[in-house]
Structure formats: C-alpha cells, structure tokens
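These notes are about the structure you will find just below.
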Amino acid sequence: MNVPHYWYNINVDLLKPLPPPIDPYETDSRIALLMRILPSELLDQEFTPLRYVPIPEEIRELYERMGRPTPFKRAHGLERALGNGIRIYYKFEGALPAGSHKLNTAIPQVHYAMRDGAKEVVTETGAGQWGLAVSLAAALMGVKATVFMTKNSYLNKTHRVLFMKTYGADVYPSPSELTRYGREAIKSRPDHPGSLGLAITEAIEFTLGGEGRKYIPGSVLGFVVLHQTVIGQEVLQQMPEEPDLVIGCVGGGSNFSGFSFPMIGARLRNEGFEKTRFLAVESMAAPKLTSGKYMYDFPDTGGLLPMIKMLTLGHDYVPPPTHAAGLRYHGAAPSLSMLVREGIVEARAYGQEEVMEAARLFARTEGIIPAPESAHAIKAAIDEARRMPRDSVIFFNLSGHGLLDVDAYSNTR
Amino acid sequence: MEIRRPGIGAYVTATYPSKNDFLNAVRCLSEVSDFLEVGIPTNNPKYDGPVIRKTHFASELKGLDAVNVTRYGKVPTILMGYVEDYVNNLELVIKTASEVGASSVLLPDLLFEHLDKLEEYVMAMRNHSLRPVFFISSNTPHRLVSVLVKYEPLFIYLGLYAATGIKLPLYIERNIKEVRKLVDNVTLIAGFAINTPEMVKLVIGAGADAVVVGTALVDKLTNQRACMEFMLSLRGGLP
C-alpha cells in the first residue's frame with residue numbers, strides 16, 4: 001500500500017459553513033499577526049476550497065521513511081478477552097518514531113516553514129508529544145527547533161526533554177528568561193509551574209523577536225486537522241469492512257478528526273458509512289465536548305491568536321492534573337465542534353482511573369502500552385463492545401504509545 | 001437592478017465620519033463606481049478588520065437611522081448589516097432597504113452563524129421585490145453554494161480573506177476559480193483588501209465579475225478628489 005496522495009478537507013462537505021476567525025476588539029489584529037508568525041502555505045490551507053489537497057512528494061517521502069502507512073490491526077487479544085463476537089480494529093500511530101500522530105503535521109509544517117526561508121521553527125509543548133515530533137521533523141529537514149515546555153512537565157517528563165535534545169532541539173522550561181512574558185511571570189511568581197497558554201505566548205514572542213523564525217502549532221487549527229487526515233485516508237484503503245462505530249480521543253481534536261473525517265466526509269456525501277456511529281472521547285479534566293459552550297474564544301490562554309468559534313470551556317480554564325496531559329485543553333477544533341453540535345459525532349468524557357484500567361487490559365491482551373490519552377479511546381471501545389450486538393465492528397485510533405508515560409502506569413496493580 | 005459585469009463597487013459605512021461627509025461620498029462615488037455597498041453601523045462589526053471597524057464605531061448615526069439619511073439608486077446600492085443585530089427583525093432591515101431605494105441586503109453572518117434564517121431572509125426579500133445576495137468564504141461547503149445558486153441571487157459575494165482589509169498569503173486566484181465553478185452563471189463579486197489596479201485585474205481575470213473596495217477608501221472619504229482619482233485608478237484594472 002502507498003502513502004496517500006491527498007489530505008482531505010472536510011470543511012467543504014460540512015452541513016454548515018465554518019464561521020471565520022475573528023479579531024478581538026481590544027487589541028491589534030491577531031489575524032494580521034498570523035502572517036508574521038506562521039508559514040504562509042499553512043494559512044492558505046486553512047481556507048482552501050479544495051476537497052482534496054495534494055500532499056507534496058517530499059512530504060510523502062518523509063511520511064514513508066518514518067513508517068507510513070502505519071499499521072491497521074485487528075485486536076484479536078482484546079476481542080478474546082471480551083468474548084462476545086465483536087470485531088475490533090485499531091490504527092497504530094504510536095508506530096511512528098516520535099511515538100504519536102503528531103509527526104503527521106510536524107513534517108509538513110516544518111517543510112512549509114523552510115519554504116518561507118525559515119532557519120528555525122519555534123513551538124510550545126505540554127506533555128511533550130508535540131515538541132518531540134517537531135524536534136524530529138526539524139532534525140530530518142536540517143533546521144533548528146526551539147521548544148518552550150511548560151515548566152512542570154519539563155521537570156517531570158525528563159525522558160521527553162532528553163529525547164528532544166537528542167534530536168538537536170533547544171528546549172526551555174516555560175516561563176523562561178528568554179522573553180518579556182516569561183521574565184514577568186517569573187518575577188511575579190518565582191516558582192511558576194508554567195501553563196500551555198504561557199508557553200504559546202513565549203513561543204510567539206520568541207518567533208517575533210528574531211530573523212528567520214516561524215511558529216508552528218500542534219492542534220486545533222484547520223491545517224493541523226487537514227494534515228492528520230493522512231491517518232483516515234490510509235484507513236479507507238486498509239479497512240477490510242465498514243465499521244459500526246469509530247472512536248478516537250480528543251485533546252484539541254486533531255487525532256480524532258484526522259482518523260475519522262475521511263469516513264465522516266464519505267457519509268456526508270452519501271458515499272458510504274450510513275450506519276456508522278462516530279464517538280469522540282475526552283477527559284473529564286477538560287470536558288469541552290460534553291460541557292463546553294459553542295462560542296468565539298481564543299485557542300490560546302494568552303489570547304495572542306485570533307478567536308475561533310468552537311466548543312470551549314473558556315481560554316482561561318485551568319484543567320486539573322491528569323496523566324493524559326495531551327487532553328488538558330480547553331477547546332476543540334471548529335470543524336469537530338460543529339459535527340458534535342450537529343449530532344454527527346457523539347461525545348463522552350471519562351475519568352482517569354477507569355481509563356488506566358482499560359489501558360492495562362489492552363497492554364496485557366495486545367502487547368502495546370498505550371498512551372494515557374489514547375487509552376480513552378480504548379476504554380470507550382471496551383464499553384461499547386460490551387453492549388453492541390455480535391458481529392458488530394469497531395475501529396479506534398491508538399494515537400500514541402505510552403512508553404514515556406511512566407508516571408501514569410506507576411500505580412499499576 | 002443588475003450589477004454591471006465587469007464592475008467595481010465602493011464600500012462606505014453610513015454616516016462615517018459624519019452625515020455630510022457620507023452624503024458627499026455617496027454622491028461622488030456614484031460617479032465612479034458601478035455599485036455601492038453601504039454598511040449599517042454596528043457595535044459589533046465582527047468579520048471586519050481594524051480599519052472598517054473604526055468607521056462603525058465613529059459613524060455619526062447608528063443602526064438603520066444612519067442609512068435612512070438619503071435615497072439611493074443612482075447606481076445599484078446594497079445595504080450590509082449583521083444578522084446578529086436584527087435577529088428577530090430581519091423584516092425591518094429589508095423594508096428599510098426597499099424604502100431607501102437599495103437593491104439588496106447583504107448579511108455576512110447569515111450563512112455562518114444564522115443558517116436557520118436563510119429561508120426567512122429569502123422570503124422577506126421576495127416580499128419586498130428584492131433579490132437575495134449571499135456572502136461566502138473560499139471554504140464554504142459546496143453543497144450549500146449549490147443551494148444558494150437555486151435562489152437566483154443578484155450576486156454571491158466571496159470574501160477573499162478572513163477579515164476586511166487584511167491581506168493573507170492565500171492563492172486567491174485559485175480560490176476564485178474554484179468558487180466560480182460552483183456558482184455557475186451567478187454574478188460573483190469579490191472583496192477584502194483590494195487596493196491596486198493590478199489586484200483588480202487579477203481578481204477579475206480569475207473569474208470574478210466585480211470587485212468591492214472598502215478599507216483602501218476609508219482615508220480618502222473626506223477628500224472627493226482623492227476618492228475619485230483612486231477609484232478611477234482602480235478602474236484601470238478592469239478589462
């Protein structure tokens with residue numbers, strides 16, 4: 001099988017158009033700011049009228065070198081453990097060298113940054129999956145990566161910091177001394193633990209402060225979702241049968257969307273998947289899909305990016321700590337938010353303990369230690385399998401492995 | 001009244017910066033434009049960029065009072081307002097448009113945030129013998145655009161960028177070509193951040209029938225000569 005030639009843009013198949021991004025009234029134009037910090041091709045992709053966006057050959061080659069297409073596997077062991085005649089398949093994005101689906105958008109984003117003449121890409125990371133993917137993509141293409149990592153994670157997720165540095169990235173705990181925002185945060189609170197919002201603010205300020213730098217974001221925005229559809233485009237080629245249920249976990253929404261949108265799009269165009277249900281699973285720590293409001297809000301805590309209309313808990317929402325740090329995000333991608341609002345995608349939130357229980361069962365039956373984030377999809381697959389009729393078919397996305405999430409498994413019974 | 005193809009239109013916010021300046025601008029722009037778009041001043045011009053936003057905040061009168069200061073019609077005139085401000089009173093806006101001699105009412109947030117009002121809007125327009133018009137973006141769902149075409153609108157307006165007056169690095173030629181395929185023979189107007197004859201030429205060459213200029217005009221509105229010269233220079237981009 002080949003790496004797909006196209007990403008899929010669901011926006012042009014939605015039942016309603018996506019409301020445009022807007023500027024806040026209080027500040028300078030955030031839309032104009034995007035032009036200075038983002039690679040230009042990404043802005044074009046955000047508004048593209050094309051249903052299928054060609055994947056440049058250089059990117060396809062890198063996808064292939066990194067292990068795309070990723071495996072689409074039958075979960076025989078888990079099926080036997082459940083013992084009720086349900087067929088379960090999963091896509092394994094943890095097979096990529098940085099351990100998660102994040103590489104699917106890190107590669108094109110770094111590629112487009114270089115096409116704009118960038119010598120350095122700058123980003124933020126929480127748990128470190130995104131920072132690791134960017135560090136790898138930058139190493140592959142020979143540019144420098146600078147990563148602002150929330151200080152608390154920097155101190156705790158030492159393995160990911162080490163591996164980012166192994167790929168050659170500069171990693172700074174945020175708040176840092178490198179930016180005005182960082183210095184102010186440290187001054188006001190010397191033991192500041194950092195936050196994703198602050199890290200974004202630092203990354204953007206750092207990007208604006210030097211020549212040849214571009215900022216690249218890890219989720220939520222339309223072009224990130226677009227790049228992630230390489231997952232679902234592969235599934236369309238790999239699946240031996242149509243599913244009754246498709247499941248993925250949601251932080252900002254890019255892995256669920258990338259996995260399911262090619263299938264949902266086919267359904268919206270009346271080209272199959274008529275009987276398929278789509279289920280998005282979030283963490284109770286950040287339940288925007290089940291408890292959020294649909295409104296214009298900032299995608300970043302600092303309010304430096306334009307406002308987008310989405311399901312959100314508010315950009316100043318501070319999620320409680322959870323092992324699934326990648327799901328600790330206040331909003332969901334606008335296209336996914338709309339599909340949930342329209343009832344095409346169902347949503348459910350789970351708590352930490354029940355999810356880790358499912359992760360352990362999966363590890364023992366399938367051999368793969370799942371990322372705590374991805375384990376939310378496993379938990380839903382198990383719950384649903386127990387109540388679906390015999391011969392039902394479930395697909396879920398295993399968006400990453402959990403080999404670096406030692407803390408999450410440390411209480412394993 | 002049909003929009004002339006190829007054509008060029010001017011956008012002004014009603015009674016900005018003052019009632020008199022606005023009336024002068026309408027008079028003078030009618031000489032050098034094929035149509036006018038008149039903004040109904042609002043406190044929440046959400047899809048507009050910073051320059052047009054300022055004109056809304058600084059207009060002498062607010063709301064429909066501001067458009068009511070004259071009768072239009074020397075050239076086709078389109079009123080522009082947000083559904084959000086008239087969510088329970090679309091009829092009033094449309095009636096006002098009809099009374100002041102406007103040809104249509106453009107509601108940029110109709111499809112994006114009030115799609116449930118689409119039928120109501122079209123019916124109210126027809127009741128006042130006005131043809132509907134629609135505002136879309138480059139990634140508006142293809143199926144919805146086909147529905148719009150069936151309403152036989154006076155035109156479909158493509159916003160080339162995310163907000164008025166802010167140019168982004170988008171392939172607008174490709175976007176216009178793609179949208180042109182979807183809208184069939186309906187008059188396609190393009191706008192946002194158009195400020196040179198070269199850009200007028202490119203947009204028309206890509207398949208738009210007409211363009212609208214707004215942000216680039218704002219600082220010339222009180223100077224009739226500058227206003228006319230600028231519009232005439234842009235006309236140089238028409239075939």
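Proteins come first, then strands; the chains are lettered A, B, ... in the order of their sequence lines, and each starts at number 1. Hydrogens, waters and symmetry mates are skipped; everything else that's a heavy atom, side chains included, is used. All values derive from a computational prediction rather than experimental measurement.
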Taking every non-hydrogen pair under 4.5 Å, which of [options] racks up the most with chain A?
options: B:Pro169, B:Pro141, B:Ser137; value: B:Pro141
options: B:Val145, B:Val179, B:Asn44; value: B:Asn44
options: B:Ala162, B:Ser138, B:Gly159; value: B:Ser138

Are the side chains of [X] and [Y] in touch, meaning some heavy atoms are under 4.5 Å apart?
X: B:Arg143; Y: A:Leu14; answer: no
X: B:Lys46; Y: A:Asp23; answer: no
X: A:Thr48; Y: B:Tyr171; answer: no
X: B:Pro50; Y: A:Ser29; answer: yes
X: B:Phe112; Y: A:Lys16; answer: no
X: B:Asn139; Y: A:Pro49; answer: no

Is it the side chain or the backbone of [X] that comes within 4.5 Å of chain B heavy atoms, both, or neither?
X: A:Pro306; value: neither
X: A:Tyr296; value: side chain
X: A:Leu268; value: both
X: A:Leu34; value: neither
X: A:Asp13; value: backbone
X: A:Glu46; value: backbone

Using 0.5 Å steps for rounding, measure from the [atom1] atom of [X] to the [atom2] atom of [Y].
X: A:Phe47; Y: B:Thr140; atom1: CZ; atom2: OG1; answer: 11.5 Å
X: B:Leu168; Y: A:Asp44; atom1: CG; atom2: CG; answer: 10.0 Å
X: B:Leu170; Y: A:Met35; atom1: CG; atom2: CE; answer: 9.5 Å
X: B:Glu113; Y: A:Lys309; atom1: CD; atom2: NZ; answer: 3.5 Å

A quick test of your reading: do over 12 heavy atoms of other residues, nucleotides or ligands sit less than 6.0 Å from [atom1] of [X]?
X: A:Arg36; atom1: CZ; result: no
X: B:Glu152; atom1: CD; result: no
X: B:Lys201; atom1: NZ; result: no
X: B:Lys62; atom1: NZ; result: yes
X: B:Asp116; atom1: CG; result: yes
X: B:Lys167; atom1: NZ; result: yes
X: A:Glu211; atom1: CD; result: no
X: A:Tyr6; atom1: OH; result: no

Answer with side chain, backbone, both or neither: which region of [X] has an atom nearer than 4.5 Å to a non-hydrogen atom of chain A?
X: B:Leu144; answer: side chain
X: B:Asp109; answer: neither
X: B:Tyr161; answer: neither
X: B:Ile166; answer: side chain
X: B:Pro108; answer: neither

Counting heavy-atom pairs under 4.5 Å to chain B, which of A:Pro20, A:Pro19, A:Pro17, A:Gly222 comes out on top? A:Pro17
